[in-house]
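Structure, as structure tokens:
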Amino acid sequence: MPELPEVETIRSGLAELLPGQRIAGVEVLLNKSLSAPESHITTHIAGAGVTDVRRRGKIMIVDLSSGYSLLVHLKMTGQLVFEAGGQQPAKPGTGTNEPHSCPNPTSETGDGRRVAGGHPTQSMAGDLPDKTTRVIFTFQDGSKLFFNDQRTFGWMKLVERSKVERDKCFMAMGVEPLGSQFEVCHLKSRLKHRKAAIKTLLLDQSHVAGLGNIYADEALHLAQVHPSREGQSLSDEEIERLHAAIIKVLGDSIQAGGTSFTSYVNANGITGDYLHNARVYRRQGEPCRACGTTIDKIKVGQRGTHICPNCQKLT
DNA sequence: CAATAGCCCTGGTGGC
DNA sequence: TGCCACCAGGGCTATT
């Protein structure tokens, strides 16, 4: 599921591709995927240019010249894939190339899909649209942006640019973990007097914005804190470790182009790379990279949770 | 107010 | 082979 690093990877890709593009048309294949009055779609999306692509927490913000912005939450299986228009060579015989080429800021893949960062030749998405495609944006130069979402939990909505910051989805959102406002004392104050499990608190977007199941598990392992521990039980030293761990796992993942598994792809339909280096996530039964103990999978707050029982002790 | 359970949804998996 | 219960999970809502 896209968390902060995945959304940031997609954002930076789209930020190189979309600004300057003008939207020619919008095709909504599943109504609930895009909430905006029909009249607004024709008047405030169609014909508008894209001016900027931003991010807040796990939500992407696409600013339009019409004075409106599109907010996008990918939830678990959402994807935003850009397909360049113009030339469409369609080479059916082209096989997969080297899976780990060097970072490539902007290049052509030869099939019309443009690549901005990440790993250009790694498992591309198939032909689009497909059965998971919910919304298609067509640009004046023939390029397209596909909003795909297998499980349809994701959403896009159109809001006035001036009201974006006050939108309901941002009102209760906590600090950006990679921003200057995320300080140890902030985390301390949010965990104080809280009896809920530390992992549950990390997943609560009102404390820190952008952490999901993957990076909560990863950060807790790096900080050597058991996810079931009560928030209030963490020592100052543990909170300091956790604070540093959150910043490190998110930063490392962005560096690697986001996590690679199931349905995550970046703006160009390309998978990420972080999971190869995951500490505990989806590694149950395998040895801990730090101490060799077998990674365990438990439940914390209804969520599947991966721990090293040796590195992360309850007491 | 804090904590928790249920719900939305589809595709993959494992048991029979 | 088919059928089906079950699981995955972000975040909103209702309940305690």
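The chains referred to below are lettered A, B, ... by the order of the sequence lines, with proteins before strands, and numbering in each begins at 1.
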Checking contacts here: which listed nucleotide (B/dA3, B/dC9, C/dG11) is nearest the side-chain heavy atoms of A/T152? B/dC9
Write down the distance between CZ (A/R303) and P (B/dT4), rounded to a whole number of angstrom. 13 Å
Atom pair CD1 (A/I307) and CG (A/L314), whose distance is rounded to the nearest 0.5 Å: 7.5 Å
Quick check on A/K188: does its NZ atom have over 12 non-hydrogen neighbours (other residues, nucleotides or ligands) under 6.0 Å away? yes
Between A/K58 and C/dG11, is there a contact of a side-chain N or O with OP1 or OP2 at under 4.0 Å? yes
Can you tell me if the side-chain N/O atoms of A/R282 get under 4.0 Å from OP1 or OP2 in C/dA8? no
What is the distance, to the nearest angstrom, from the CD atom on A/Q302 to the P atom on C/dC6? 16 Å
Roughly how many Å is it from CE in A/M76 to C1' in C/dG11, rounded to a whole number? 9 Å
A/L211 backbone acceptor or donor facing A/E3 side chain under 3.5 Å: no
Taken to the nearest whole Å, CG/A/N213 to C1'/C/dC7 is 13 Å
Round to a whole Å and report the spacing from CZ of A/F153 to C1' of C/dG11. 10 Å
d(NZ, A/K199; C1', B/dT4) in whole Å: 16 Å
Contacts satisfying side-chain hydrogen bond (donor to acceptor under 3.5 Å, both in side chains) that involve residues 30-49 of chain A (not counting sequence neighbours) are A/K32-A/T152
Would you kindly give the CG-to-P distance between A/L4 and C/dG11, to the nearest whole Å? 11 Å
Rounding to 10 degrees, work out the angle separating the end axes of the helix from B/dA2-C/dT16 to B/dC16-C/dG2 (five pairs an end). 50°
Step through it carefully: locate the ring centre of A/Y281, locate the ring centre of A/H221, and say whether they are under 6.0 Å apart. no
Listed nucleotide nearest any side-chain atom of A/K32, set B/dC9, B/dA3, C/dT13: B/dC9
A/K199 with A/D217: basic N within carboxylate O range, under 4.0 Å: yes
With the side chain of A/Q205 defined as its heavy atoms from C-beta on, choose the nearest nucleotide among B/dC8, C/dG11, C/dT13. C/dG11
Give the rounded distance in Å between these two atoms: CG of A/L201 and P of B/dA2. 11 Å
Under 4.0 Å between a Lys/Arg side-chain N and an Asp/Glu carboxylate O for A/R54 and A/E165? yes
Does C/dG10 have OP1 or OP2 under 4.0 Å away from a side-chain N or O of A/H73? no
Would you mind telling me which of C/dG11, C/dA8, C/dG10 lies closest to the side-chain atoms of A/K297? C/dA8
Nearest to the side chain of A/K299 - C/dG10, B/dA5, C/dA8? C/dA8
Pick base, sugar-phosphate or nothing for A/G301, based on heavy-atom distances below 4.0 Å to the nucleic acid. nothing
